[in-house]
Undergrad: 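Questions regarding the structure given below will be posed in turn.
For the numbers below, each heavy atom of this structure counts, side chains included, while hydrogens, waters and symmetry mates do not. Just so we're clear, the structure is a prediction, and the values are computed from it rather than from any experiment.
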Amino acid sequence: MENDMETISLIKTGFDLSDREVVCYPYLIVTFKIYMPRLFLKPRVAYTVVAADLVKGAAARANMFPETEEVDIREDSLVPGLIEEEEALTNARKTALRWIMYKFHSFRAPRIEVIQRQKAYKAFFHADVKGRKVLVDSVKGLEQDDIR
């Protein structure tokens, strides 16, 4: 039986994934533009990127909006998302709000605007390292501490 293929946005990696069996994990990645009100001044503007996990629902700030590429992959290689995109967007917005309130110590609510949003997948694969099979994150890679 032939597996169904799906076209997804995969976060670019330095690893060659062509002959590897990969598992792709879903995220919603959002760039926010935040306007902080200031008394008698123009609002302060800040930007932040948040990645929301579409399986667990957790959201965390990211250092940048990642580059992605469109790839065709077997459906059975995709971890199914359990969180709706709108719920993930709400979680990402809460994370951005907590960050901006902490960073600028404001007591007034900022205006938060979504300027970029994309559902993207991060690939994981197995590799043999020192005779052991380890799971490798295709974005972070392996560090010496990971190889014990």
Undergrad: Among residues at least two apart in sequence or on other chains, which ones pass salt bridge (charged side-chain N to carboxylate O under 4.0 Å, His left out) with Glu84?
TA: none

Undergrad: Once you round to the nearest 0.5 Å, how far does CG of Leu82 lie from CD of Glu87?
TA: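 Answer rounded to 0.5 Å: 10.0 Å.
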
Undergrad: Does some side-chain heavy atom of Arg93 sit less than 4.5 Å from a side-chain heavy atom of Thr90?
TA: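 They are not in side-chain contact.
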
Undergrad: Taking all non-hydrogen atoms of both residues into account, name the closest pair between Glu85 and Lys119 and its distance.
TA: OE2-CD, 3.6 Å

Undergrad: As a quick check of understanding, evaluate side-chain contact (heavy atoms from CB on, under 4.5 Å) for Ile112 and Leu97, giving each step before the final call.
TA: CA-CA 8 Å; Ile112 301 175; Leu97 181 61; 4.1 Å; yes

Undergrad: Residues in ring-ring contact (aromatic ring centres under 6.0 Å, His included) with Phe65, at least two apart?
TA: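 Per chain and number, Phe65 pairs via ring-ring contact (aromatic ring centres under 6.0 Å, His included) with no residue.
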
Undergrad: Under the side-chain contact (heavy atoms from CB on, under 4.5 Å) test against Phe32, which residue among Thr95, Ile115, Val114 passes?
TA: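 The side-chain contact (heavy atoms from CB on, under 4.5 Å) with Phe32 is passed solely by Val114 among Thr95, Ile115, Val114.
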
Undergrad: Do you know the tightest heavy-atom contact between Asp76 and Arg74?
TA: OD1-NE, 3.0 Å

Undergrad: Do Val50 and Phe104 land in one hydrophobic cluster if side-chain heavy atoms of ILVMFWY residues count as linked below 4.5 Å?
TA: yes

Undergrad: Pairs of donor and acceptor atoms involving the side chains of residues 34-46, under 3.5 Å and at least two apart or interchain, shall be tabulated with distances.
TA:
from	atom 1	to	atom 2	distance (Å)
Tyr35	OH	Lys33	NZ	3.3
Tyr35	OH	Glu113	OE1	3.3
Arg38	NE	Lys42	O	3.0
Arg38	NH2	Lys42	O	3.1

Undergrad: Step by step, would you call Val55 with Val79 a side-chain contact (heavy atoms from CB on, under 4.5 Å)?
TA: CA-CA 8 Å; Val55 175; Val79 174; 3.7 Å; yes

Undergrad: Are Met101 and Val49 joined in one hydrophobic group, where the rule is that I, L, V, M, F, W and Y side chains link up if heavy atoms are under 4.5 Å apart?
TA: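 Met101 does not cluster with Val49.
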
Undergrad: Can a donor-acceptor pair be found, under 3.5 Å and without considering hydrogens, that links the side chain of Asn91 to the backbone of Gly57?
TA: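 Yes, the answer is positive, given that a donor and an acceptor are paired below the 3.5 Å cut-off.
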
Undergrad: Partners of Tyr27 by ring-ring contact (aromatic ring centres under 6.0 Å, His included), sequence neighbours excluded?
TA: Tyr25

Undergrad: Identify the two heavy atoms, one from Ile73 and one from Leu78, that lie closest to each other, and give their separation to 0.1 Å.
TA: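 Between these two residues, the closest heavy atoms are CG2-CD2, 3.7 Å.
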
Undergrad: Could you list the residues that satisfy salt bridge (charged side-chain N to carboxylate O under 4.0 Å, His left out) with Glu86, not counting sequence neighbours?
TA: Arg117

Undergrad: Using a strict cut-off of less than 4.0 Å between a Lys/Arg side-chain nitrogen and an Asp/Glu carboxylate oxygen, indicate whether Lys12 and Glu67 qualify as a salt bridge.
TA: yes

Undergrad: At what distance, to the nearest 0.5 angstrom, does OH of Tyr121 lie from CG of Leu10?
TA: 10.5 Å

Undergrad: Within a 6.0 Å radius of atom CD on Glu70, are there more than 12 heavy atoms belonging to other residues, nucleotides or ligands?
TA: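 Check passes, neighbour count above 12.
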
Undergrad: Indicate yes or no for a side-chain donor-acceptor contact from Arg61 to the backbone of Thr48 under 3.5 Å, with no hydrogens or angles considered.
TA: no

Undergrad: Listed by chain and number, what are the salt bridge (charged side-chain N to carboxylate O under 4.0 Å, His left out) partners of Glu6, not counting sequence neighbours?
TA: none

Undergrad: Quick one, Thr7 with Val71, criterion side-chain contact (heavy atoms from CB on, under 4.5 Å). Give me CA distance, side-chain angles, the key distance, then yes/no.
TA: CA-CA 5 Å; Thr7 301; Val71 297; over 6 Å; no

Undergrad: Going by atom types alone, do Gln118 and Thr68 pair a side-chain donor with an acceptor below 3.5 Å?
TA: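 Side chains of Gln118 and Thr68: pair found under 3.5 Å.
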
Undergrad: Working to the nearest 0.5 angstrom, can you tell me the gap between Ile83 CD1 and Leu54 CG?
TA: 8.0 Å

Undergrad: Hey, could you give me the OG1/CD distance between Thr13 and Glu69, rounded to the nearest 0.5 Å?
TA: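 So the OG1 of Thr13 and the CD of Glu69 are separated by 9.0 Å.
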
Undergrad: Quick one: does Ile29's side chain get under 4.5 Å of Ile11's, heavy atoms only?
TA: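 Of all side-chain heavy-atom pairs linking Ile11 with Ile29, at least one is under 4.5 Å.
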
